[in-house]
2 protein chains.
Amino acid sequence: MPAIPPSKPTRRPRADGERNRLLLIDAAKRIFAEKGAAASLEQVAREAKVSIASLYRHFPTRDDVISAVYRQEVDALIGAVDSLAATHDPEAALRAWLMLFVNFLDAKHGMAEAMNTLIGGPEDLYSKTPDRLVLPITALVGRAVEAGVCQPDVEPLDLLRALSGVATIRVTENWKSSAVRMVELLVAGMSTRTTGRDTR
Amino acid sequence: MPAIPPSKPTRRPRADGERNRLLLIDAAKRIFAEKGAAASLEQVAREAKVSIASLYRHFPTRDDVISAVYRQEVDALIGAVDSLAATHDPEAALRAWLMLFVNFLDAKHGMAEAMNTLIGGPEDLYSKTPDRLVLPITALVGRAVEAGVCQPDVEPLDLLRALSGVATIRVTENWKSSAVRMVELLVAGMSTRTTGRDTR
DNA sequence: TTGTTAAACGTAGGGTGTCTACGTTAATCT
DNA sequence: AGATTAACGTAGACACCCTACGTTTAACAA
């Protein structure tokens, strides 16, 4: 029988490996913020003073780098759901959380592009990368639907995708007010029973 | 007075130049549809059986290629505005045109990404590339505002950007129904007086 | 037809980026 | 201290972007 692999020494991870990993994430955060998520990975490695091979060893694909860079931000967004849900009614909570999302898009320049890889997967659970943003937005929309303040046929992730679309292009300084208006527009649209069976 | 520059032979454009230009556009259309608007320009040149230098001679920047490729499509969208405005009320015309926009996004795979360069400029007239899509969408929204069926503070281009955001990621086959729902959501949101003097 | 002109062409190459192969270094554990 | 092997960096194959430069050839004139 296939016994458990006998030797399982479980050596402690090497210190230099962990150190370089953090250096790389930190460098990528800076480079992505400056040049966007399509920036050169070689440049990231140079900034971290680590060889390009080490970068690929830690993060086999570009998406892995992106996920690592924005993990903190995504965690914060996820964490905010509970407190918002506790202190706001469903519609207000949804609006507030979308505003938070816009703020994150604003804080990190490269984030809007990066979102494509974070929310790009299919909307269901089959996504190969665990779309951790699916949970909060789905929960908030679900709560609003239960409360009867929004239509049930809206794909939650599409709200984020729409905001990303507005945020991807940010030639002007006032892009954020555009994004805020878009949040209001989306929330207003969701709370409207458009026409039921429209035009028919 | 500054006389007209004396020598103005105005030679007829060379046939091979025009031919290659068309070959390049045709090839780019195929490659972009398959690989997206970020595809290799060298591959486009190979597909067109033209040297890479000739590609750059005809289209100095990638955006020039994109503009040329989607010129027909954009023209069709622009042309549709008049007939829609003549046959539909303002809100229905806007909705119908946005649906048309979604259809174009559906027909050409690379178009959603390409939109970033076509509608990426600032929303005013200072855009360096003539954002020809600004005119139709602005006209349609303006008409709806005049008719009092939508709020005046929505940035027209943002509607297209939001739809592009939804369309950029199309892992599933049913992305189009998501886009259609998004159109309904946007139209519904616009027709709502969210915060101001509501219901009036 | 033949010659002139210059528009358009293709080859070649420098620079940058992606990703991998492979020999070397050094952190961990005995 | 010595053994083990995780992690490292150098180097290189390959693709792409973009330009310099010499060559070809379409358009026009004689």
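Within every chain, numbering begins at 1; the chains are lettered A, B, ... in the order of the sequence lines, protein sequences first and strands thereafter.
- Contact annotation: A/N20 side-chain N/O to D/dC8 OP1/OP2 distance is under 4.0 Å.
- Ion pairing between B/E34 and B/R30 fails under the 4.0 Å rule for side-chain N and carboxylate O.
- Between B/E42 and A/A15, the residue anchored nearer the 5' end of DNA chain C, judged by the nucleotide with its closest heavy atom, is B/E42.
- OP1 or OP2 of D/dC8 sits under 4.0 Å from a side-chain N or O of A/R57.
- Note that CH2 of A/W97 is 8.0 Å distant from CD1 of A/I78, once rounded to the nearest 0.5 Å.
- Here A/L41 lies in heavy-atom contact (under 4.0 Å) with sugar-phosphate atoms only.
- In this structure, A/A53 reaches the bases: a heavy-atom distance under 4.0 Å links it to at least one base atom across the strands shown.
- Phosphate contact (OP1/OP2 of D/dT5, side-chain N/O of A/R11, threshold under 4.0 Å): absent.
- Here the rule is side-chain contact (heavy atoms from CB on, under 4.5 Å) with B/L94, and of B/V183, B/L186, B/L140 only B/L140 fits it.
- Contact annotation: A/S40 side-chain N/O to C/dT18 OP1/OP2 distance is under 4.0 Å.
- Using a 4.0 Å cut-off, no side-chain N or O of B/S51 falls inside it from OP1 or OP2 of C/dC9.
- In this structure the side chain of A/V141 reaches within 4.5 angstrom of the side chain of A/M190, judged on heavy atoms.
- Taking atom CG on A/L55 and atom P on D/dT10, their separation rounds to 15 Å, with Å as the unit.
- For A/R46, a side-chain nitrogen or oxygen approaches OP1 or OP2 of C/dG17 to under 4.0 Å.
- Looking at heavy atoms from C-beta onward, B/K29 lies out of side-chain contact with B/Y70 at the 4.5 angstrom threshold.
- Atom NZ of A/K35 is separated from atom P of C/dG17 by 8 Å (rounded to the nearest Å).
- In this model, the phosphate group of C/dC9 is approached by a side-chain N or O of B/S54 to a distance below 4.0 Å at OP1 or OP2.
- Salt-bridge check for B/D158 with B/R161: passed, with a basic side-chain N closer than 4.0 Å to an acidic carboxylate O.
- Between the CG atom of B/L23 and the P atom of C/dC9 there is a distance of 10 Å, given to the nearest Å.
- Mapping A/K49 and B/Y56 onto DNA chain D via the closest heavy atom, the residue that lands nearer the 5' end is A/K49.
- The phosphate of D/dA7 has neither OP1 nor OP2 within less than 4.0 Å of any side-chain N or O from A/H58.
- No donor-acceptor contact under 3.5 Å links the side chain of B/R12 to the base of D/dA27.
- Between the C1' atom of C/dT24 and the CG atom of A/D16 lies a distance of 14 Å, rounded to the nearest Å.
- Here C/dC19 presents its P atom at 8 Å from CZ of A/R62, a figure rounded to the nearest Å.
- The separation between B/R21 atom CZ and C/dC9 atom C1' is 17 Å, rounded to whole Å.
- Between the CD atom of B/E47 and the P atom of D/dA15 there is a distance of 17 Å, rounded to whole Å.
- Across the protein-nucleic acid pair, B/Q43 atom CD and D/dA15 atom P stand 11 Å apart, rounded to whole Å.
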